[in-house]
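Computed from a predicted structure; not experimentally measured. Throughout, protein chains are lettered first and strands after them, A, B, ... in sequence-line order, and every chain is numbered starting at 1.
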Amino acid sequence: MQPLLEMRNLQVGFATELGPVPVVRGVDLQIGRGEIVGLVGESGSGKSVTCMAAMGLLDDNARLQGEIRWQGKRLATQNDKAMSVLRGSELAMIFQDPMSTLNPVQTIGKQLYEAICINHPERMSRRKLQTRALDLLRDVGVPAPEQRLKAYPHQLSGGLNQRVVIAMMLAGNPSLLIADEPTTALDVTVQAQIIELLQELRSKRGMSIILVTHDLGVVAETCDRVVVMYCGEIVEHGPVSKVFSNPRHPYTHGLLASLPRIDSSDTNLEPIPGVVPHPDQLSEGCAFAPRCPHAAACCYSGSPMMQCSDSEHLFACFSPFPVNAESRQAHAS
Amino acid sequence: MIPKSNSPTAQAPLLQVSDLRCAFKSSKRKGFFGPHHLIHAVNGVSFEVNAGEAFGLVGESGCGKSTTAKLILNMAHASGGSVLYRGQELVGLSHQAWKPLRRRLQYVFQDPLGALDPRMTVLDQVIEPLTIHQLHDRNQQRQLATQLLHSVGLQDHQLRKYPHELSGGQRQRVVLARALILEPELLICDEPISALDVSIQAQIINLLQELRRAMGLTLLFISHDLSVVRHLCERVAVMYLGQIVEMGPAKQLFNEPRHPYTQALISAIPKADPGQRSERIPLMGEPPSPAAPPAGCRFNPRCALATERCRNEVPTLVQSGDNHAVACFEAKIPVTEVA
Amino acid sequence: MTPLYALQKITRALLTVLLIVSTVFIVLRLSGDPAIYVLGLDADPQALDAFRTRWGLDQPIFVQYLQFLSNCLQGDFGYSYFEERDAMEAVLERLPQTLLLMGVTGLFTVLIGIPAGVYAALHHNSWIDRMTMLVSVAGFSLPNFVLGIFLILLFSVTWQLLPTGGSGTWQHLVMPVLTMTVAEAAVFARFTRSAMLEVLHQPYMRTARAKGLRWHQAVRRHALPNAAIPLVTVVGFFVGTLIAGGVVTESVFAWPGLGRLLVTSVANRDLAVVQIIVMLIACSMVLTNLIVDLLYGWLDPRVGSLRTGN
């Protein structure tokens, strides 16, 4: 089946005074209908930029190569007019800090009406507009929506504001929602509510979701597939169950080993040594090699290609972790 | 591994917080010329931290955990209660009387860039506290600071750099080194790693554990991240709307939470194990504003177990025999353990 | 905006006015004996005494102060010893000329400064942006009197196109307005530019575009209105520089306004006139700032409302 969104060798660089800085370095990615894909990686991995590129929301100094296809058709991502037609009606996006993603001096109602009007070419009466806005707010579980229409963003909590943003994005009934760290600024109990809402959007509307996050727990609980990025490249990619139980790439393994677990405190944390290099200081070879405990000579000379662990599980590494017994059994059965 | 904490009854605790309160005026008044609304950010908090122990204070935003840290450090004005440090009262202490104490009580807050002087090199930042307290001569100061910076994982070539040239994790290491150079007894950390990436968080957690082992440091660790607290702390207190609702040994509290809020909080944490999608206990709504807390138990409007009594009476922290305390009328406490 | 917020601001403004009136009284009384100023150092002591009794200057200072306040409240602002008529009359006569100059300058400032600032911000870091900022720096670092004299040399002396000074026709207005507009528009362009840049980088701009707005639509609906809010606060400051610039500019072009009257009255020790002009300037500043505060509270819902949270 044709994927909804497809990226082929996507490269994004930013022109700076010191020359171009590559931030996304050859990403191949497909998002199918109705799936939730987690995009994980630490700051500087290029995960947000990848998403902004798909939305056509990159700054003017961004240089884009490769292609992004929407339902098979190549997107003119640098053409604001063409992209604005797709934004809101086909692809939508929500962001990290819900308190600042809404215009602070306009009421919730006004901002919702705007979203509805953009996606309805014919003029709507005030009454109809309001009914539609209330429906949207109810859909995303905002209590007492009538009162919220007149409220300003600073009068609502972070969780409610995030729901309002989601409601705005649903106005055009898009098929893909990109959620960039949607719960990072929220408390855990509120995070759980928002995650549940996202899952509901998928099950009720068949919406595809790209969930960009640094929280592996959120990915494990919500996503079907996970894409791990490091320094602008995909290093591992596959079904959540396989990647988490049998990470093949040392970076994925390192991320999981860095994570304190709520259900056991007995294991020692094994952090990844060093820090993420700045994008203009990448050395030749595998970008992760300087921090990798298994790095061999070849890792510093050539870039590893994507290879298959099995038909769904891919990774890019010269000295990967072995397939463990548990996973082999699961594969056999 | 971690040094065993002294049993709490054996000697007086290092830090004893009792009935600590902080109320501040909101900008809103009752009526046109009426008195300001009072917001009780911290409302009767009591706990003890024993020497050598790592004590965790957890809760969601607005629960008063950061204000508690500020009250202990005299950075906010306490409207009641007391904080005893080795038997000495800290509440209402003058700036002068605080100075010698600053050596023994150090703190690390969330934003490492804001905590560092942008015009000072890494090495100078760490030397500064020594100069302020007039300890050692210039050469020795330099030596000590270099040593400590090495032990928190910074390399020689980084010591001459300025804060903006470092990554977030490296900056937090510098802040840690600056707090530790005076060899404090108690280190108060407020969300010290929340702004950092996962792999860097793990580096700092391990560093803190190592430093505790090496220096016998006592830690008061404040965080919204329960997993980190569980990993690092021996005892934990859970706060909700300015009050402690549950307190006990970390392992026990996380394995068998007794307060319905703690239960919901723990169940809300996503686990990085796809096989184990746990059943969440849904919490209705969001925390009410501390400006208008509900009557009775402050958690009752969101609690599935709430009864008539919860809506009228305020539950107090009741300690059972296993050092596990909970403030809930409906909590199920194992019968054998009731003191 | 709550009624309480408005009431607070209005009370504060009234208190400021009282403070200004009192300060003016104290400063002018401290600066010397008006009798000697008017009659001269070698005047007859009896004449001096008579003068003091005539104007109540022999009363204790606080009685004079109360008298002064009560006079002010009754609209009696004193007598101009120099012009030999009611001081207020002399001032009011000049007021329309100053208002004309300020009004036209203000209009051009807004018409030039805001579009220039917006344009520079939208083309941030381009050569147009850099040029605009360069011109703006040059504009406000050039003192009014230098630019004024330069213009006179060019338009009046060399080309003989415009009158060197005075008022009456639109030609008289050109050079004073041009002189003041250059400085004011430069400042306004800078403020507009930084306010716009701030707003353009806000996350809600991204949200607006994610909804499906095109770039220019998002700018029009979300950036421009929001950038206007901090700009409103600048208006208070703007009125201040306009008055200060006016004093110099009016003197250079012999424009018969308040600024020039102030300068001549100071030279002539005409205390009552100086007093009125200073109070007028101060009160107009207070009034502008009051309007700005109220406008700000009305435009930005976050101002003057309850804020909670850690």
Checklist entry - Between M52(A) and chain C, which part of the residue has a heavy atom less than 4.5 Å away: side chain, backbone, both or neither? => result side chain
Next on the checklist: For H214(A) and E181(A), which I'm curious about, is there any donor-acceptor pair between the side chains at under 3.5 Å?
Outcome noted: yes
Next on the checklist: Regarding D129(C) and H123(C), do their side chains bring together a donor and an acceptor under 3.5 Å, going by distance alone?
Outcome noted: no
Item to check | Short side-chain donor-acceptor distance under 3.5 Å, T222(A) and Q199(A) | outcome: no
Checklist entry - What part of L299(C) lies closer than 4.5 angstrom to a heavy atom of chain A: side chain, backbone, both or neither? => result backbone
Item to check | Engaged part of V165(A) at the chain C interface, taking heavy atoms whose separation is under 4.5 Å | outcome: side chain
Checklist outcome for this item: Note: vs chain C, highest number of non-hydrogen pairs under 4.5 angstrom among M55(A), M169(A), K81(A), M83(A) is K81(A)
Checklist entry - Between Q106(A) and chain C, which part of the residue has a heavy atom less than 4.5 Å away: side chain, backbone, both or neither? => result side chain
Next on the checklist: Quiz question: by atom type and distance under 3.5 Å, do the side chains of Y204(C) and N226(C) form a donor-acceptor pair?
Outcome noted: yes
Item to check | Charged tip of R63(A) within 45° of F14(A) ring normal and under 6.0 Å | outcome: no
Next on the checklist: Let's test your reading of the structure: which of P174(A), S100(A), G88(A) forms the most heavy-atom pairs below 4.5 Å with chain C?
Outcome noted: S100(A)
Checklist entry - Relative to chain C, which of I118(A), N103(A), N119(A) shows the most heavy atom pairs under 4.5 Å? => result N103(A)
Next on the checklist: Looking only at heavy atoms and a cut-off of under 4.5 Å, which of G172(A), P104(A), A115(A), A92(A) has the most pairs with chain C?
Outcome noted: P104(A)
Next on the checklist: Measuring only between side-chain heavy atoms, which start at C-beta, is Y152(A) closer than 4.5 Å to I108(A)?
Outcome noted: no
